[in-house]
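I have placed the structure first, in the form of structure tokens, so that the comments after it can refer back to it.
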2 protein chains.
Amino acid sequence: MEPNDLFRKLIAFTASVHQVKHDFSKDLRLDDITPVQYAILEYLAVDQPVTLSEISDCLHMSMPNTSRELKKLGDKGLCEKFAVAGDRRKQAIRLSPEGQAMMDGVFAHYGSLFQARMQRFSPETRAEIERSLDVLQTHVFYTDRPKRNV
Amino acid sequence: MEPNDLFRKLIAFTASVHQVKHDFSKDLRLDDITPVQYAILEYLAVDQPVTLSEISDCLHMSMPNTSRELKKLGDKGLCEKFAVAGDRRKQAIRLSPEGQAMMDGVFAHYGSLFQARMQRFSPETRAEIERSLDVLQTHVFYTDRPKRNV
DNA sequence: TTGTTTGGTTATCATATGATAACAAAAGGA
DNA sequence: TCCTTTTGTTATCATATGATAACCAAACAA
């Protein structure tokens with residue numbers, strides 16, 4: 001196979017993943033949470049705790065806008081800020097118990113939709129899928145980001 | 001491995017893919033094209049030609065908003081509408097030559113970034129990556145959408 | 001000490017986006 | 001024929017989002 005075909009395939013694959021996630025999230029009831037706010041919550045759910053400037057960097061949004069959206073999330077009781085020992089400028093941010101519960105619900109929703117697709121497969125096929133996930137995540141879809149020190 | 005771990009892994013994987021695509025598109029110069037407009041162009045690049053209502057369905061946007069954004073793209077010379085034989089209500093939409101050229105450039109950009117990650121791998125590893133893509137795309141990340149008939 | 005950088009906030013403005021109503025033309029069913 | 005559905009358009013409004021300026025306090029470097 002030509003290398004170019006592999007890149008094409010990678011591009012088509014990322015488009016598919018994006019599309020499936022979009023479809024899966026369609027019937028998700030996230031009342032009162034905007035897409036950007038959801039992105040922050042999802043980021044927090046993976047990497048906790050984190051500083052405001054890290055969110056700003058990783059989600060490619062400006063500090064003022066990050067600060068604004070984070071305040072809204074705080075007002076909704078979905079995340080919390082607390083001081084960082086050693087640097088009084090910084091503040092660590094993490095999901096509140098309510099925010100964590102909400103994201104657990106979201107992940108359970110995705111999980112059940114994935115489950116519907118996995119059900120019909122044999123244990124061998126599932127194992128193959130899992131190996132494929134590992135291969136792609138370690139070789140292709142990793143994020144190389146400077147390590148943080150919260 | 002517990003089934004739940006597999007779903008967690010799937011969720012983490014989709015988040016990674018999303019993040020990598022986001023990072024890759026960061027230094028992409030798409031002057032004068034908004035995110036929603038880019039999403040339409042990317043959709044067109046994969047599925048061409050397509051009707052307005054199909055774009056509306058697949059991208060989860062209302063017909064009026066789809067119509068509005070499509071007009072803007074037409075004004076920018078990036079896509080074209082033409083009549084569909086057999087149903088005078090419908091209109092097929094496809095990328096214009098300029099739009100196609102632009103998306104080719106975008107894909108080449110993604111391709112070169114992927115290439116940077118693939119370079120160091122042996123042909124065997126690349127083949128394994130390719131198999132993994134196939135496995136996941138056919139078993140997990142497929143979109144089941146009613147077939148269109150443009 | 002003084003100046004500079006880092007991390008963050010508040011306010012403000014312009015634009016992008018989502019939602020809805022009202023409309024029209026073609027297709028299709030009875 | 002008349003009624004309904006499909007496909008699309010235009011206009012309008014509210015909100016979400018991005019960009020920027022001005023500011024502050026803590027950290028840091030000289």
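Side chains are part of it too, since the values below use all heavy atoms of this structure and drop only hydrogens, waters and symmetry mates.
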Options [options], nucleotide nearest the side-chain atoms of [X]:
X: A/D87; options: D/dA27, C/dG8, D/dG8; answer: D/dA27
X: A/S62; options: D/dA19, C/dG8, D/dG8; answer: D/dA19
X: B/S53; options: C/dT9, D/dA27, D/dG8; answer: D/dG8
X: B/K90; options: C/dG8, D/dA27, D/dT7; answer: D/dT7

| request: Would you classify B/P35 as touching base, sugar-phosphate or nothing, given that sugar-phosphate means primed atoms plus P, OP1 and OP2, and contacts are heavy atoms under 4.0 Å? | output: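 Sugar-phosphate: the residue B/P35, judged by heavy atoms under 4.0 Å, touches backbone atoms but no base.
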| said: Need one value for A/Q37: base, sugar-phosphate or nothing, where a base atom within 4.0 Å counts as base even if backbone is also close, heavy atoms only. | reply: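 Here A/Q37 touches no strand at all.
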| field | Toward the 5' end of DNA chain C, by each residue's nearest nucleotide, A/K71 or A/R89 | value |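 Its nearest nucleotide being more 5', the pick is A/R89.
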| field | Distance-only side-chain donor-acceptor flag, A/S56 / A/S53, under 3.5 Å | value |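 No donor-acceptor contact under 3.5 Å links the two side chains.
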Please give, in whole Å, the distance from [N] [atom2] to [X] [atom1]?
X: A/K72; N: D/dA16; atom1: NZ; atom2: C1'; result: 7 Å
X: B/Q91; N: D/dT6; atom1: CD; atom2: P; result: 18 Å
X: B/E69; N: D/dA11; atom1: CD; atom2: C1'; result: 15 Å
X: A/M63; N: D/dT17; atom1: CE; atom2: C1'; result: 18 Å
X: A/Y38; N: D/dT15; atom1: OH; atom2: P; result: 24 Å
X: A/R88; N: D/dA27; atom1: CZ; atom2: C1'; result: 10 Å
X: B/L59; N: C/dG18; atom1: CG; atom2: C1'; result: 14 Å
X: B/M61; N: C/dA19; atom1: CE; atom2: P; result: 10 Å

| task | Kindly say if A/T34 contacts the phosphate of D/dT17, meaning a side-chain N or O under 4.0 Å from OP1 or OP2. | result |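 So the side-chain polar atoms of A/T34 do come within 4.0 Å of the phosphate oxygens OP1 or OP2 of D/dT17, strictly under.
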| query | With respect to the phosphate group of D/dT9, does any side-chain polar atom (N or O) of B/S67 fall under 4.0 Å of OP1 or OP2? | reply |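 Yes, within the criterion.
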| task | Measure the acute angle between the ring planes of B/F13 and A/F141, then classify it against the limits of 30° and 60° as parallel, tilted or perpendicular. | result |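 Rings of B/F13 and A/F141: perpendicular, as their planes differ by over 60°.
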| field | Heavy-atom donor-acceptor pair, B/E54 side chain to B/T51 backbone, under 3.5 Å | value |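 Judged by distance alone, yes, a pair lies under 3.5 Å.
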| With distance as the sole criterion, do the side chain of B/N65 and the base of C/dA19 form a donor-acceptor contact below 3.5 Å? |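 Indeed there is one.
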| base_contact_polar (C/dG18 base, B/R68 side chain, donor-acceptor, <3.5 Å) |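 Present.
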| Are A/K72 and A/E69 close enough for a salt bridge, meaning some N to O gap below 4.0 Å? |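 Yes, charged N to carboxylate O under 4.0 Å.
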| Ion pair check, B/E80 and B/R94, cut-off under 4.0 Å |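 Salt bridge flag = no for B/R94 with B/E80.
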| task | Check the pair A/V20, B/T14 against side-chain contact (heavy atoms from CB on, under 4.5 Å), reporting the backbone distance first and the verdict last. | result | CA-CA 9 Å; A/V20 166; B/T14 63; over 6 Å; no
| query | Pairs counted as Watson-Crick or G-U wobble with both distances under 3.5 Å: what dot-bracket string results for DNA chain D, using | for bases tied to another strand? | reply | .||||||||||||||||||||||||||||.
| said: So A/Q37 and A/T34, do their side chains get closer than 4.5 Å, heavy atoms only? | reply: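 Yes - at least one pair of side-chain heavy atoms lies under 4.5 Å apart.
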| said: Could you check whether B/F114 and B/F24 have their ring centres less than 6.0 Å apart? | reply: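 Between B/F24 and B/F114, the centre distance is under 6.0 Å.
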